[in-house]
Amino acid sequence: MRVVAWVAALVCGSALGQQGPVIAVKTGRLLDPATQKVRTGAVVVVQDGRIKSVGDAVPAGAQVVDASGLTVCPGFIDTHTHVLLDGDLTDVEYDAQILKESLPYRALRATQAMRIALQHGFTTHRDIGNEGAGFADVDLKRAVAAGIVVGPRLFVATKALAPTGAYGLGGTAYSWELEMPKGVQMCDGADACRRAVRDQISHGADWIKVYADRGYFKRPDGQIRSLPNFTEEELKAIVDQAHRTNRRVAAHSITPSGHAIALAAGVDSIEHGHVLDDATVKLMAQKKVFLSPTLTVSAYVEGARSKINPIWAALQKASEESFRRALAAGVPIALGTDAGGFPWEQINQAEEFRRYVAWGMTPWQALRSATVTAAALLGKEAELGTLASGAYADLVGMKDDPLKDITATERVSFVMKEGVVVVPPGR
């Protein structure tokens, strides 16, 4: 209640043209991912939810937040989440959520997921598909912004798009006589796909999510490929309509079969990207198309699914080589976990950091993937993932130094979002 009251007070103060109190956050070591520099004993001065300055002294009369025993950096950004899901390891688990849980129940559970994420230091989410929940993610975004719900700020993609027959409930043999709910919005033909984009934007979508491929298989030559979903005309219509209305497009794409059509259409990010060949990473680097790797969900889901279908084991094995290839080619990699694809209560999203470092990133690069690079993907470089004046006062503190041990990101001891202390220092 105190957090919500504080947010409400800040909103009211701003509405009245009044400035809020000055807050001084004393840090032990301050990591700036933008410059890759470390400052000892720095003080972050905050007012009205924004960073006012970074210096060495506490301004007179400022309220002090003492994080001097911690290593502090900008709040983490997860560019691939599903707050309205809570683990879908199997088709049965997914179907149960879509068929047996009401939208109010799913929204209520999502508030718990968002609280967990924020307590783990994730102050921003790009929530990239709500899996049949209408536009409930737009409501959640608004509730967070209004201080009604405590959680990361959300950039939402609402329903996601797929053509008829390309995405539905799991293969559990429901009767053809039943009209089953869909986890996506289906569209066929360029005009209908353009109309679907307009519909989603009119209801509050910040991003458009498309499923570029499905049906993964291994060819006789050993190459892993998939079935492309949309025609070239359909996908180009989706991207054109999104871009002309200042929205970006994220493409679920696993193999070069999906990458080729998605990149030709002009998408802004590739989600998952298990199989990235040289031609794909070269084009992604040239076009500055972001990769959101979602390695944490891969480790959780694909190990189990490989017992049913060996293609999942092959995809998981291909992921490391693809990640290293993208990193070497200069593809911008933004941290994305696919949280919601695994249970929020069981797995900390921050495990994604350790996987990036294990596969070739430096600790600085891993931190940048969840701050500087993720903010660039969102088009919010001046406001998120930075310590610059005017940026949101989103801060995360750790007892250990993530530059020496990246798993320190999994042990957050202080969280501030927009100048509000969510987790007090030293927890």
Side-chain angles (χ1 to χ4, degrees), residues 1-77 118-124 144-145 147 150-153 367-368 370-372 375 380-403 408-409 411-427:
M1 290 298 294
R2 284 181 295 174
V3 172
V4 174
W6 192 352
V7 172
L10 289 175
V11 171
C12 290
S14 298
L16 294 172
Q18 301 172 351
Q19 289 189 320
V22 174
I23 302 166
V25 182
K26 297 170 65 176
T27 69
R29 300 172 76 250
L30 183 64
L31 309 185
D32 185 349
T35 62
Q36 298 185 54
K37 292 182 179 179
V38 182
R39 293 183 61 169
T40 302
V43 176
V44 182
V45 181
V46 175
Q47 190 171 35
D48 296 330
R50 303 271 183 164
I51 295 174
K52 189 173 182 180
S53 63
V54 178
D56 300 314
V58 174
Q63 299 177 4
V64 175
V65 175
D66 189 359
S68 58
L70 304 177
T71 297
V72 177
C73 74
F76 304 146
I77 302 169
L118 186 58
Q119 290 173 343
H120 286 163
F122 287 87
T123 53
T124 302
V144 170
V150 176
R153 72 179 54 78
L367 289 174
R368 284 172 62 86
T371 53
V372 176
K380 300 293 181 180
E381 299 94 324
E383 295 185 302
L384 300 175
T386 177
L387 299 171
S389 176
Y392 284 114
D394 297 348
L395 300 172
V396 172
M398 297 152 278
K399 293 180 181 178
D400 301 313
D401 184 356
L403 297 179
T409 55
R411 300 182 295 278
V412 165
S413 300
F414 163 60
V415 179
M416 171 181 278
K417 181 189 169 213
E418 291 185 34
V420 176
V421 175
V422 179
V423 177
R427 181 191 65 168

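Reckoned from all heavy atoms, side chains included, excluding hydrogens, waters and symmetry mates.
- When all heavy atoms of Ile23 and Met416 are compared, the closest pair comes out as CG2-CE, 4.3 Å.
- Side-chain contact between Val43 and Asp56 is absent, with no heavy-atom pair separated by less than 4.5 Å.
- At least one side-chain heavy atom of Pro59 sits less than 4.5 Å from a side-chain heavy atom of Val45.
- Looking only at side-chain heavy atoms (C-beta outward), Pro425 and Leu70 come within less than 4.5 Å of each other.
- Put simply, the side chain of Ser68 never gets that close to the backbone of Thr27: no donor and acceptor are under 3.5 Å apart.
- Between Gly385 and Pro74, the shortest heavy-atom contact is C-CB, 3.8 Å.
- Thr123 approaches Lys417 most closely through the heavy-atom pair O-CE, 3.9 Å.
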request  = Take Thr124 and Phe76, measure what side-chain contact (heavy atoms from CB on, under 4.5 Å) needs, and give me the verdict at the end.
outcome  = CA-CA 7 Å; Thr124 302; Phe76 304 146; over 6 Å; no
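- Between Val144 and Pro152, every side-chain heavy-atom pair lies at or beyond the 4.5 Å cut-off.
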request  = Carefully, step by step, assess Arg39 and Asp32 under the rule salt bridge (charged side-chain N to carboxylate O under 4.0 Å, His left out).
outcome  = CA-CA 8 Å; Arg39 293 183 61 169; Asp32 185 349; over 6 Å; no
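- Val396 is not listed as a side-chain neighbour of Val72, based on a closest heavy-atom distance of 4.5 Å or more.
- Counting only heavy atoms from C-beta outward, the side chains of Ile51 and Asp394 never approach each other to under 4.5 Å.
- The two residues Pro21 and Gln63 make their nearest non-hydrogen contact at CB-NE2, 3.5 Å.
- With sequence neighbours excluded, the residues that form a salt bridge (Lys or Arg N to Asp or Glu O under 4.0 Å) with Asp401 are Arg29.
- Gln47 contributes a side-chain N or O that, together with a main-chain N or O of Gly20, makes up a donor-acceptor pair within less than 3.5 Å.
- Side-chain atoms of Thr371 come within 3.5 Å of backbone atoms of Leu367 as a donor-acceptor pair (strictly under, hydrogens ignored).
- In this structure, Arg50 does not pair ionically with Glu418, as no charged nitrogen and carboxylate oxygen lie closer than 4.0 Å.
- Side chain of Lys52 to backbone of Ser389: no donor-acceptor contact under 3.5 angstrom is found.
- Ala375 and Ile77 get closest at one heavy-atom pair: N-CD1, 3.9 Å.
- The side-chain heavy atoms of Leu384 and Tyr392, taken from C-beta on, include a pair separated by under 4.5 Å.
- Using a 4.5 Å heavy-atom threshold, the side chains of Val58 and Lys26 count as touching.
- Between Val65 and Phe414, the closest heavy-atom pair is CG1-CE1, 3.9 Å.
- When the options Leu387, Val422, Val415 are evaluated for a side chain to side chain contact (heavy atoms under 4.5 Å, CB included) with Leu395, the one that passes is Leu387.
- If you take NZ on Lys37 and CG on Leu30, they are separated by 13.0 Å, rounding to the nearest 0.5 Å.
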